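Values below: every heavy atom of this structure, side chains too, minus hydrogens, waters and symmetry copies. Just so it is clear, the model here is predicted, and its values are computed rather than measured.
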Amino acid sequence: MKYTTNTTNDIIVNGHEILGPPKDFVVEAVRDDLLRRSQVGIKKYNTTLDRTDISLKGWVTHALEEALDLSLYLKRIQIELNERT
């Protein structure tokens, strides 16, 4: 069998095009954001989330603090959007 690819990265087998899986560009963008955030965290803290020096309770505290921050950011955005209308 002869395998080739075209510019869309579809696979062509013996002259028959087999379409690759569709790309979800939103998912790809979030994936890129996650990888970028990981690199920032590694550079800033010189460690990864594989670290073992934080207890399970500590991780829950970190997550809760991040969620609370997110709620503040969302409320601030909501207030500004409401002022525009």
Side-chain angles (χ1 to χ4, degrees):
M1 276 197 262
K2 181 181 177 187
Y3 294 92
T4 59
T5 60
N6 59 23
T7 57
T8 61
N9 293 324
D10 296 332
I11 299 171
I12 301 169
V13 179
N14 292 336
H16 300 282
E17 188 173 20
I18 301 171
L19 300 177
K23 295 271 186 175
D24 186 324
F25 294 105
V26 173
V27 171
E28 293 296 321
V30 170
R31 184 174 169 257
D32 291 343
D33 289 344
L34 287 169
L35 292 171
R36 198 169 16 262
R37 289 293 303 151
S38 176
Q39 292 303 309
V40 167
I42 291 168
K43 185 175 181 180
K44 183 174 181 179
Y45 299 107
N46 199 33
T47 188
T48 67
L49 292 176
D50 293 329
R51 60 193 290 182
T52 59
D53 60 321
I54 299 176
S55 69
L56 189 56
K57 285 183 179 182
W59 285 114
V60 169
T61 299
H62 282 305
L64 179 58
E65 290 168 352
E66 293 293 336
L68 291 170
D69 288 345
L70 174 62
S71 69
L72 294 172
Y73 306 148
L74 289 170
K75 179 51 84 174
R76 194 253 181 244
I77 292 166
Q78 184 184 44
I79 289 168
E80 184 172 336
L81 289 173
N82 287 339
E83 289 173 353
R84 291 181 184 184
T85 59

What residues form a side chain to side chain contact (heavy atoms under 4.5 Å, CB included) with L56, not counting sequence neighbours?
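Here no residue qualifies.
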My understanding is that a hydrophobic cluster links ILVMFWY residues whose side chain heavy atoms are under 4.5 Å apart, including indirect links. Using that, what else belongs to the cluster containing L70?
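Via sub-4.5 Å side-chain contacts, L70 links to L74.
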Residues clustering with I77 (ILVMFWY side chains joined when closer than 4.5 Å, directly or via others):
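Result for I77 is L81.
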Table please: side-chain donor-acceptor pairs of residues 57-66 below 3.5 Å, with sequence neighbours left out.
from, atom 1, to, atom 2, distance (Å)
W59, NE1, I54, O, 3.4
T61, OG1, K57, O, 3.0

To the nearest 0.5 Å, what is the distance between OG1 (T48) and CD (Q39)?
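The OG1 atom of T48 sits 10.5 Å away from the CD atom of Q39.
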All salt bridge (charged side-chain N to carboxylate O under 4.0 Å, His left out) counterparts of D24, not counting sequence neighbours:
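Salt bridge (charged side-chain N to carboxylate O under 4.0 Å, His left out) check on D24 returns nothing, list empty.
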More than 12 heavy atoms of other residues, nucleotides or ligands under 6.0 Å from CG of L49: is that the case?
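Open.
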Is R76 atom CZ crowded by more than 12 heavy atoms from other residues, nucleotides or ligands, each under 6.0 Å away?
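Atom CZ in R76 is not crowded, with 12 or fewer foreign heavy atoms closer than 6.0 Å.
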Show me, pair by pair, the donor-acceptor contacts under 3.5 angstrom made by side chains of residues 31-38, not counting sequence neighbours?
from, atom 1, to, atom 2, distance (Å)
D33, OD1, R36, NH2, 2.7

